[in-house]
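Note sheet for the following structure.
Here is the naming used below: chain letters follow the sequence lines, and residue numbers restart at 1 for every chain.
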There are 2 protein chains.
Amino acid sequence: MSREAILDAAEAILRDEGYAAVSSRKVAAVAGLKSKLVHYYFKTMDELFLALLRRVEEQHFAELRKATASGEPLRALWHLSTDPTVPKLHKEFVALATHHEQLRQEIARSAQRTRQVYAAAAESALIVAGLSTSMFPPVAIGMMLDGISRVLSTDKILGLDSGHADAIALVETLLNRLSVSRCEETTDAQQQI
Amino acid sequence: MSREAILDAAEAILRDEGYAAVSSRKVAAVAGLKSKLVHYYFKTMDELFLALLRRVEEQHFAELRKATASGEPLRALWHLSTDPTVPKLHKEFVALATHHEQLRQEIARSAQRTRQVYAAAAESALIVAGLSTSMFPPVAIGMMLDGISRVLSTDKILGLDSGHADAIALVETLLNRLSVSRCEETTDAQQQI
DNA sequence: GTCTATAGGCCGATAGAC
DNA sequence: GTCTATCGGCCTATAGAC
């Protein structure tokens, strides 16, 4: 279907060249269509961006659902967030959202939902580990995981990887503590590292 | 001086409207000059972006030096990284760097230097607190601080603030442990919260 | 250093044929 | 649904006057 081909092309250009390069002409060229057709399916370019964002979000939440259905939701979410393909698109959409109100609202809603998923996973992990959720607010744990994965992905885009092994090891240590231990077993968990 | 006025204007547009909006015409208009003058000082727009990046980096490293000269470098760096004005420019430059090799190299070098500053601050804080730097790699601690401040700033751009108070409180808790305590005093530090 | 003028290109969006 | 053709606009960069 042409509509999907247009979205595929737009996604590729957005990922590879940035939002400024996503023009109706270039999208059409990549999709092997004529530019008029882009305007046939999407009255404006803003509409195209919004449709693409929604498609990306659907895939994203489908993956979140799979992760939360696994035995260790928090660890599954962490591994999901270090997938290198997602953050590049995400960065472009956030940059676009800065000066596009409708996209801003859409992406804010999505970020909010994602945060709740992470917080819920962190909360159940904390409870299982017998740790205080008031000392370690689940939402804050989720934000830390999110944050460190963003640093890792931005670094990768810039061609840096110094400190990455240490950071990943630290996160794994903390995840192990949450999944393996209750308070009393913390020392054992530490010795695993 | 016209050159500085041009850079000021470019910086304002980059911050407020994104890199796609930084054109020689618009820069000139904001600076109250004619567009030809922009090309007189900067042969190409790429040159302008590079010059602006270098100016921003100089200010950034001046602030880093001030922070590391303070009594609590790690805490000073944390407060610096939550300053809302810096990350918006930073995001735009990273987005630009994705498809501009010279900017990519420049910003990668700068990110690398910044990381070392954070890691050094984290290392001395860990040593003062009597904590193992092999269990908690300083560079990873720095990356966590960096990451959480990025999540906070991205959220702010999107108009979100749920979980922010919790995340900031958690970071402050951890910073307090590092600055106040040695191992034995951890319990006291926790009770302060 | 600062200006006017302009070449040459890509852009979004539309009109209207088939 | 798909096409050709085109308008009007903004862009970078340059030539050349003062």
Side-chain angles (χ1 to χ4, degrees), chain A residues 1-56 89 92-93 95-104 106, chain B residues 1-56 89 92-93 95-104 106:
Chain A
M1 185 146 161
S2 291
R3 198 190 130 98
E4 290 303 306
I6 290 169
L7 289 177
D8 289 344
E11 183 174 328
I13 298 168
L14 189 60
R15 196 193 317 270
D16 299 339
E17 305 183 54
Y19 68 83
V22 180
S23 66
S24 58
R25 283 164 156 81
K26 198 176 281 190
V27 167
V30 171
L33 303 166
K34 299 300 170 180
S35 68
K36 177 64 207 321
L37 212 49
V38 175
H39 286 97
Y40 173 76
Y41 285 106
F42 307 97
K43 200 160 169 45
T44 65
M45 292 305 284
D46 285 353
E47 245 179 61
L48 194 163
F49 278 120
L50 194 57
L52 179 57
L53 174 57
R54 290 197 170 128
R55 198 179 74 160
V56 169
L89 271 182
E92 293 295 335
F93 274 120
L96 263 173
T98 307
H99 34 277
H100 187 303
E101 176 57 20
Q102 211 177 353
L103 283 180
R104 205 218 89 234
E106 182 72 24
Chain B
M1 183 139 161
S2 292
R3 199 191 130 96
E4 290 303 306
I6 289 169
L7 289 177
D8 290 343
E11 183 174 328
I13 298 168
L14 188 61
R15 194 191 321 269
D16 298 340
E17 306 181 54
Y19 68 84
V22 181
S23 65
S24 58
R25 283 164 154 80
K26 198 176 278 188
V27 167
V30 170
L33 303 166
K34 299 300 169 179
S35 68
K36 178 62 209 319
L37 212 50
V38 175
H39 286 96
Y40 173 75
Y41 285 105
F42 307 97
K43 198 158 171 45
T44 66
M45 292 304 285
D46 284 353
E47 244 178 63
L48 195 162
F49 279 120
L50 194 57
L52 179 56
L53 174 58
R54 291 199 169 127
R55 198 179 74 161
V56 169
L89 271 183
E92 294 294 337
F93 274 120
L96 263 173
T98 306
H99 33 278
H100 187 305
E101 177 57 20
Q102 210 176 355
L103 283 180
R104 204 219 89 231
E106 181 71 26

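Closest to the A:M45 side chain, of the nucleotides D:dT14, D:dC3, C:dA13, is C:dA13. The side chain of A:K36 lies closest to D:dT4, out of C:dG12, D:dT4, D:dG1. In the set C:dG12, D:dG1, D:dA13, C:dG12 carries the atom at the smallest distance from any side-chain atom of A:H39.
In this structure, B:K34 atom NZ and C:dT6 atom P are separated by 16 Å, rounded to whole Å. Spacing between atom OH of B:Y40 and atom C1' of D:dA17 amounts to 15 Å, rounded to whole angstrom units. Atom NZ of A:K43 is separated from atom P of C:dA13 by 9 Å (rounded to the nearest Å). For the pair A:I6 CD1 and D:dT2 C1', the computed distance is 11 Å after rounding to whole Å. A:K26 has its NZ atom 19 Å from the C1' atom of C:dA13, to the nearest Å. At whole-Å resolution of the value, CG in B:L37 and P in D:dA15 are 17 Å apart. Between the CD atom of B:E47 and the C1' atom of D:dT14 there is a distance of 15 Å, given to the nearest Å. Rounded to an integer number of Å, the gap from CG of A:D46 to C1' of C:dC11 is 14 Å.
If A:R25 and A:Y41 are placed on DNA chain D by their nearest nucleotide, the residue sitting closer to the 5' end is A:Y41.
Between A:F93 and A:F49, the angle of the ring planes goes over 60°, which puts this pair in the perpendicular group of the 30/60° scheme.
With respect to the salt-bridge test (charged N to carboxylate O, under 4.0 angstrom), the residues A:R55 and A:D8 qualify. Ion pair B:E92/B:R15 not flagged as a salt bridge, since none of the NZ, NE, NH1 or NH2 atoms sits closer than 4.0 Å to an Asp/Glu carboxylate oxygen.
Counting non-hydrogen atoms under 4.0 angstrom, B:S35 reaches nothing in the nucleic acid. At a threshold of 4.0 angstrom between heavy atoms, the contacts of B:V22 are confined to the sugar-phosphate backbone, with no base atom among them.
Of all heavy-atom pairs between B:E47 and B:Y41, the closest is OE1-O, 4.4 Å.
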*Test side-chain contact (heavy atoms from CB on, under 4.5 Å) on B:T98 and B:R104 and set out the steps.*
CA-CA 7 Å; B:T98 306; B:R104 204 219 89 231; over 6 Å; no
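One finds no side-chain N or O of B:S24 lying less than 4.0 angstrom from the OP1 or OP2 phosphate oxygen of D:dC11. Contact annotation: A:S23 side-chain N/O to C:dC11 OP1/OP2 distance is under 4.0 Å.
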